[in-house]
Amino acid sequence: MKYDYNKIEPKWQKYWEENQTFKVTEDKTKPKYYVLDMFPYPSGAGLHVGHPLGYIASDIYTRYKRAKGFNVLHPMGFDAFGLPAEQYAIQTGQHPAITTENNIKRYREQFDRIGFSFDWSREVRTCDPSYYKHTQWAFIKMFESWYDKEHNKARAITDLVAVFESYGNKSINASCAETPTFSGSEWKRFSESEQQKILLNYRIAFLADTTVNWCPALGTVLANDEVKDGLSERGDHPVEQKVMKQWSLRISAYAQRLLEGLDKVDWSESIKEQQRNWIGRSEGAEVLFKVKDSEVNFEIFTTRPDTMFGVTFMVLAPESELVDKVTTDDQKASVNSYLEVVKKKTDRDRLADVKNVTGVFSGAYCIHPFSGEEIPIWIGDYVLGGYGTGAIMAVPAHDSRDYAFAKEFNISITEVVSGGDISNESYDAKDGKLVNSDFLNGLEVKEAIKKMNHEVEARGLGKKKINYRLRDAIFARQRYWGEPLPVYFKDGLPYTLKESELPLELPEVDAYLPTEDGDPPLARADGWKFELSTMPGFAGSSAYYLRYMDPHNKKELASRESMDYWKSVDLYVGGSEHATGHLIYSRFWNKFLFDLGYSVVKEPFKKLVNQGMIQGRSNFVYRIKGSNKFVSHSLKDKHDTTELHVDVNIVDNDFLDMEAFKTWLPEYKDAEFMTEEVDGAQKYKCGFATEKMSKSKWNVVNPDIICERYGADTLRLYEMFLGPIEQAKPWNTNGIEGVHRFLKKFWGLFYDQDEKLLLNEEEATDEELKILHKTIKKASEDMENFSFNTSISAFMIALNELPKGCHKRAIIEPLTILLAPFAPHQAEELWSVLGHKDSVTHAAWPEFNESFLTESTYKYPVSFNGKMRYLLDLDINLNKEQIEKAILEHENSQKYLDGKTIKKVIIVPKKIVNIVVG
RNA sequence: GCCCAGGUGGUGAAAUUGGUAGACACGCUAGACUUAGGAUCUAGUGCCUUUGGUGUGGAGGUUCAAGUCCUCUCCUGGGCACCA
């Protein structure tokens, strides 16, 4: 038989489907393992070769774990709500559901073509009402919950109401919006709508006036992680800050737990660090400042209470409500004109303008709480309204931003920490002794912070405080193609549907655009009396890993029983671009469900592997300007040429297929070439560059083409052989022949070129067994470390080392099992050639036998200082005489000993033997 | 500015605890076979001024021994960014 992948691969794909080979149930006799891929958004372009990288890696690991005896859950689904399908709908009028369905079909075909071992019976689609029912359910639960800081968990809102009824809100320590205090009896006297308004301040899913990122071009609000440099992540449209009534999730309540949980997961340091930055914990103090000749006083947040005596001015954020309260009459005009200017700036302007210091004096003064001095209050847009209290004490000597401000407006600068030179720049380091600081003088910064914190609390001026940068997540988008929020309004106040009324299905609309009044598309639906916004993209992906555990459950997201069995995802594979989006939301969502007893683990994803992005490798041709002549790469500098992208599919190893080029685009029909000589032949060599894979750059490589030309097994092997899984790398097919050759060679262990079966039952020699066990050992270790590229190398070495004519079952049968995760189709075929009726999927991973591997040979000698050292391979139990004998027998020993004799052998550590020569 | 991850042949890359740097593969060179192919096989291939020297971005250091550890520095990629 010939290695005919085009026959073998469809054959086994069909077999797997018909036999439900990868279907998995909660088998309590086996240990479980859960391998999850980040499910894709099914885009219209289909999969390119970059997409499957992670899927191939997780599939290999899945198949390995199965062979090791684990019951592996390895599901796949689709993150099917999203913008592209909606935009396509706006252009064409085609319902996004149809577009999505078609795209999913295409994805599924491509997935199947690569031979993934997903359990498709567990497929989930976020746009399916039977799925988003549970997304809506979670939202309702969040609406019906509040965050109890005392017990550090989410609790039912009914508990809160019970407390309110008896004691009011004085004793409640909750994560909530500012709420005036009331007593129990006052609560009972409040009207229904007054009570609901107060409860909204406490709910974890809440509706409130919020400063949001508004993207006019997209017509929707965006979450912080969807905005990069003041532009929308999708489409690069400008984003502005705007106050709007919007749904949010109180994710900030979970900041500390999200931070702490990072220490318990096996993720890359860089992703954890990104999340830590995003959460942005900072420890400091809130201190009260009184405004001179006024009833007003306000709190500021500082991480440097030690520099209290260096305060020479205060700054309020322009959006702070205090601005109006403190501004004096004679400053009113200039303050107002400043506020106007600030208002007009978009986020982007503000970012671009970082170096320009702007601000205005309010006319008012604070009284320094310790020195009693008068301190001017300024307004400046370098202070953010949304962080801390929106007001700061400025210490120009020890904060670079305050320094720049003081210089700009000629405000005095007082040094309070020695060690720097503040004549040209501020001294920000937390290192040095305090000066000019009354009772802090002489203390180190650290001690001074402690002492000042203590003093602040003792005098009732404030308290220690931890601030987080993490914002509550805006949970609404003014779009059509998303989950409807299960909310209706009564007297202008929101109420959620009952669980039994779910799902609230997405209604039909006549167009997918906002209405003329600017309402979201849902306003077009007949008789729609619910919330008009839909949920954001991250909603559906936040708990999908739980749904896979029990995907057909009609009652709940997943049964307790299934969750108790599968617990959490053991291995999660996906791109690092989700570090501050999905991976935070999902952890938050899980913690919330955990608080309510619906999830059984604190962290959803134990181990995370981020596959690197596969970039495109573009090819170029060089056209002489004003002609239809193309010159080869090495000649291009001799002519005045234009560099043009050329379709990489008509280029092989950087050599252009000139005939294909002429038929590629009509304009090149009569193209002429100036070639260069390579290998005695005239060839056209293309230039190349690494760029993001995209249609316009003609560098998209579709996995289907690779499958056609080399087979899916080669594609799988090659993507892994390209390099370490976590590393970004350009795609090129320059080396694909190598792995393809390997598969043919492997086939050659079974069949010769005349397609005659060579497999035999002869006994293996020690040498052959050594090669086998070496390979098993290496392959197993590499599997555990996700080092698939070196694992493949180990196979190649084995094939090189095996003596010619070794076609022994004892050797090639275990090798076939090792190969199966990488090249499952070929392995299945060969497994059946070996006479097995069952799928190779059910074969047990071979164990290596250390006894075949023991080596007691020395490695190499080195000499220095008249002593000889031999490095030994293993910590062998030879005695000194035996070692000495072995060394003397070494072919090189005489050369290194240089005619001298060994006097003494000293065994130093495990591997090194000192030899004193005379 | 701050944080993280990396820099090894012509190319993708290997290298347990510090222990023969460049495994494996591509490419290249020469040869064999041939039904003439983009097939297969054999040998060679870090660099240089080749009986030797040199070499893991650069400069120092520790060590018998450094790609690996330490200090400084340069470059590349990613993230955060007026967060007090």
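A, B, ... follow the sequence lines: proteins, then strands. Residue 1 opens every chain. Every heavy atom of this structure was used, including side-chain atoms; hydrogens, water molecules and symmetry mates were not.
- Spacing between B/rU68 and B/rG79 at atom P, rounded to whole Å, works out to 29 Å.
- Listed candidates were B/rC82, B/rC80, B/rA84. Nearest to the side chain of A/Tyr382 is B/rC82.
- Between A/Glu737 atom CD and B/rG12 atom C1' the separation is 15 Å, expressed in whole Å.
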What would the secondary structure line of RNA chain B be in dot-bracket form, counting Watson-Crick and G-U wobble pairs under 3.5 Å, with [ ] for pairs that cross earlier ones and | for pairs with another strand?
(((((((..(((......[....)))((((((.(..)..))))))(((...)))..(((((..]....))))))))))))....
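- Going from atom CE of A/Met393 over to atom P of B/rC82 covers 21 Å, rounded to whole Å.
- At the phosphate of B/rU40, OP1 or OP2 sits under 4.0 Å from a side-chain N or O atom of A/Arg741.
- Comparing B/rC64 with B/rU20, their C1' atoms sit 15 Å apart, to the nearest whole Å.
- When each of A/Glu737, A/His740, A/Glu719 is paired with A/Thr714, the side chain to side chain donor-acceptor pair (under 3.5 Å) condition holds for A/His740 and for no other.
- Using a 30° and 60° split on the angle between ring planes, A/Phe409 and A/Trp378 fall in the tilted class, from 30° to 60°.
- A/Phe298 places none of its side-chain heavy atoms less than 4.5 Å from the side chain of A/Ser320.
- Computed from coordinates, the A/Arg469 CZ to B/rA84 C1' distance equals 12 Å when rounded to whole Å.
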Check the interface with nucleotides 2-6 of chain B: list each N/O to N/O pair with the protein under 3.5 Å, or write none.
from  : atom 1 : to       : atom 2 : distance (Å)
B/rC3 : O2'    : A/Glu273 : OE2    : 3.4

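- Ring geometry for A/His578 against A/His582 counts as perpendicular: the plane angle is over 60°, on a 0 to 90° scale with 30° as the lower cut.
- For the pair A/Phe788 CZ and B/rA13 C1', the interatomic distance rounds to 17 Å; values are reported in whole Å.
- Here A/Phe795 lies out of heavy-atom contact (under 4.0 Å) with every strand.
- Distances were taken from every side-chain heavy atom of A/Asn789 (C-beta onward) to each of B/rA13, B/rA25, B/rA84; the shortest belongs to B/rA13.
- For A/Val383, the listed nucleotide lying nearest its side chain is B/rA84; candidates were B/rA13, B/rA84, B/rG38.
- In this structure, the nucleotide among B/rA84, B/rC24, B/rG27 sitting nearest to the side chain of A/Asn800 is B/rC24.
- Rounded to whole angstrom, the span from the CE atom of A/Met314 across to the P atom of B/rA84 amounts to 16 Å.
- Of the candidate nucleotides B/rA39, B/rA84, B/rC24, B/rC24 has the atom nearest to the side chain of A/Ser793.
- What separates CG of A/Leu470 from C1' of B/rG79 is a distance of 16 Å, to the nearest Å.
- Within the cation-pi definition used here (under 6.0 Å to the ring centroid, within 45° of the axis), A/Arg587 does not qualify as a partner of A/Trp278.
- The C1' atoms of B/rU63 and B/rG46 are separated by 26 Å, rounded to the nearest whole Å.
- The C1' atoms of B/rU49 and B/rU42 are separated by 32 Å, rounded to the nearest whole Å.
- Distances shown here put a side-chain N or O of A/Lys804 below 4.0 Å from the OP1 or OP2 atom of B/rU42.
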